[in-house]
Protein chains: 2
Amino acid sequence: MRKRAPEERLVVSTSDPPGSVAELLARADRLAGHTLGEVAVVVGEQVPEDFRRAKGWTGRVVERVLGAHASSRAEPDFPRLGIELKTIPVDREGRPRESTFVCSVPLTQMAFETWPTSLVFKKLKRVLFIPVQADPDRPIASRRLGNPLLWSPGADDLAILQEDWEAFLDLVTRGFVESVTAHRGTALQIRPKGKNARARRWGLDEEGDVFRTPPRAFYLRASFTAQILRRSFMLPSSGLGLR
Amino acid sequence: MRKRAPEERLVVSTSDPPGSVAELLARADRLAGHTLGEVAVVVGEQVPEDFRRAKGWTGRVVERVLGAHASSRAEPDFPRLGIELKTIPVDREGRPRESTFVCSVPLTQMAFETWPTSLVFKKLKRVLFIPVQADPDRPIASRRLGNPLLWSPGADDLAILQEDWEAFLDLVTRGFVESVTAHRGTALQIRPKGKNARARRWGLDEEGDVFRTPPRAFYLRASFTAQILRRSFMLPSSGLGLR
DNA sequence: TTGGATCCATTTTTGGATCCCA
DNA sequence: TGGGATCCAAAAATGGATCCAA
């Protein structure tokens, strides 16, 4: 595992968005090998004991340390660059431990979308993945960030994503959203996402009438992101930068 | 003006919703003649110096003292009773000093409504008006509540409201929302309502496409509510209960 | 393993209205 | 005077994700 020596202090100028892709990548490279504890110090946050009550903590602190304009809604994290940032928790073998949230399912509005205009496509066009050690027995403060990966879907990935998305479009717009389980989809899946199982949003039934149904979101399957990481980091002179 | 003597202390059990219309009216009657300062003590709120930075304060404290389930969204304030609560600021002659907010205009959804299914109709079917002294030179803490008025629109009022609403429906669904000013409507009007003049929502243009436009809301004209108060409180043995 | 459930921070919307200048 | 602008609190939605039981 790559550990940075003490003299390689994590020095960053936060709060200003990166002016170019090169600058963003340079910042992300500088982060690699450093721990979440170090990142926390830089952004002035306490490290939580565990993630049970702080599930989005890693994503938020990494956004801030990279200068993402913390929650620029309905746009990529770096709007000028058209890049979406995703931290991805990995095990000791570098495999994703979780699926990756993409965006919520616009239950009543999806009928007005096409694949190229969809939020899923817009978010996934360019993603900066940052792997983060996530073996459960390692304390959060000592978990290290890996090498960043700026990814865009290739023709093969695009075909699969579009196929999945269009199948969901068909089901959702025809009123079958309640029959959609997380089993569907090769790369993309739809899962519940809300405050709890009682949360409700408006959806469309088979007659086109609105009704209350649990909120849902699109996720990338862990098997899909695993393949992305494998492909990229198996190139010569490349790697996760972790163990 | 009716002033309650000190021994008539304002004693209420807050936090529990009234179980019947009779109970709600009894509570509202007990409030009449008491001041906003007294109400503030009961609900444990500070009285603001003026309303420039606390515009909805009166409505909120009166809701709470009457046991309205503070913001039961998309429903009347007393869902079990089907009653909407409105405080109404009146001058020394008992005339409304302001128009009355009804609900926001569902710009993209209005096409799917009819008068009987509309939120305007649902909210106005039964309203409990509570007059509140509002001459500008009277300190807020000493302003008194008047006699409550449980109102339902009569056939004449209903006809006017429906006519107004359907004219707005026509304009909004045909894409002319931006040409609607507060001059339109006999009883009901549409006015901007948002954080500020730069706020934007989605609306429908003449082609049926969505576009950004200022958020708007339905209001009852002061002249309309003035007539409601006049009619009701000019009945024998009835009155505002103020001066 | 993984599908369904859940958690926090932050932004946006809604509901309560009154302000204020042409 | 009243039409357009504005203000606050609270709820809901959104975006960041991880938890956990079968």
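Order of the sequence lines fixes the chain letters, A, B, ..., with proteins taken first and strands second; residue numbering starts at 1 for each chain.
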What are the two closest heavy atoms between A:G146 and A:I130, and how far apart are they?
O-CG2, 4.4 Å
Rounded to whole Å, NZ of A:K55 lies from C1' of D:dA17 at a distance of 8 Å
Does a side chain donor of either A:R201 or A:T108 reach within less than 3.5 Å of an acceptor in the other side chain?
no
A:R191 (side chain) and C:dG4 (base): donor-acceptor pair under 3.5 Å:
yes
Enumerate the salt bridge (charged side-chain N to carboxylate O under 4.0 Å, His left out) contacts for residues 94-105 of chain B, please, sequence neighbours excluded, ordered by first and then second residue.
B:D91-B:R95, B:E93-B:R95
Do B:T213 and B:E178 meet the criterion of a side-chain donor-acceptor pair at a distance under 3.5 Å?
yes
Within the structure shown, what part of the strands sits under 4.0 Å from B:E84 by heavy-atom distance: base, sugar-phosphate, or nothing?
sugar-phosphate
Residue B:R52, side-chain heavy atoms: nucleotide from C:dC19, D:dT6, C:dG16 that is nearest
C:dC19
Taken to the nearest whole Å, CG/A:N196 to P/D:dA13 is 12 Å
Determine whether more than 12 heavy atoms belonging to other residues, nucleotides or ligands lie under 6.0 Å from atom CD of B:E113.
yes
In whole angstroms, how far is the P atom of C:dA9 from the CZ atom of A:R64?
11 Å
Once you apply a heavy-atom cut-off of 4.0 Å, does A:F51 come out as touching a base, just sugar-phosphate, or nothing?
sugar-phosphate
Over all strands shown, is B:R201 touching base, sugar-phosphate only, or nothing at heavy-atom distances under 4.0 angstrom?
sugar-phosphate
Considering heavy-atom distances to DNA chain C, does A:S99 or B:C103 have its closest nucleotide positioned more toward the 5' end?
A:S99
Select base, sugar-phosphate, or nothing to describe what B:R198 touches, counting heavy atoms under 4.0 Å on all strands.
sugar-phosphate
Closest of C:dA17, D:dG16, D:dC20 to the A:E98 side chain is D:dC20
Over how many whole Å does the gap from A:L220 atom CG to D:dA17 atom C1' extend?
13 Å
Considering only heavy atoms and no angle criterion, is a donor-acceptor pair shorter than 3.5 Å present between the side chain of B:K193 and the base of D:dT6?
no
For B:G194 and B:T87, take the nucleotide of DNA chain C holding the closest heavy atom to each; which residue's nucleotide lies nearer the 5' end?
B:G194
Options C:dA17, D:dG4, C:dT6, nucleotide nearest the side-chain atoms of B:A182:
D:dG4
So what does A:T58 hit on the nucleic acid, given a heavy-atom distance under 4.0 Å: a base, only sugar-phosphate, or nothing?
nothing
Which label fits B:F101 and B:Y219: parallel for a plane angle under 30°, tilted from 30 to 60°, or perpendicular past 60°?
perpendicular
Does B:R221 put a side-chain nitrogen or oxygen below 4.0 Å from OP1 or OP2 of D:dG3?
yes
To the nearest angstrom, how far is B:R97 atom CZ from C:dA17 atom C1'?
13 Å
Test side-chain contact (heavy atoms from CB on, under 4.5 Å) applied to B:I83 and B:L150, B:L25, B:D77, the passing residue:
B:L150
Looking at every strand, decide which applies to B:G56 at a 4.0 Å heavy-atom threshold: base, sugar-phosphate, or nothing.
base
For a quick check of understanding: with a heavy-atom distance under 4.0 Å over all strands, which category does B:P89 fall into, base, sugar-phosphate or nothing?
sugar-phosphate
Where DNA chain D forms stems, i.e. three or more consecutive Watson-Crick or G-U pairs with both distances under 3.5 Å:
C:1-22 with D:1-22
Parallel, tilted or perpendicular: rings of A:W151 and A:F129 (30°, 60°)
tilted
Kindly say if A:R200 contacts the phosphate of D:dA12, meaning a side-chain N or O under 4.0 Å from OP1 or OP2.
no
When you get a sec, tell me which of C:dA5, C:dA17, D:dG16 is the closest nucleotide to the side chain of A:P192?
C:dA5
Sugar-phosphate, base or nothing in reach of B:R216, heavy atoms under 4.0 Å
nothing
Give a yes/no answer on whether the side chain of B:R60 brings an N or O atom under 4.0 Å of OP1 or OP2 in C:dG16.
no
Check every strand shown and say whether B:P215 touches a base, only sugar-phosphate, or nothing at a heavy-atom separation below 4.0 Å.
nothing
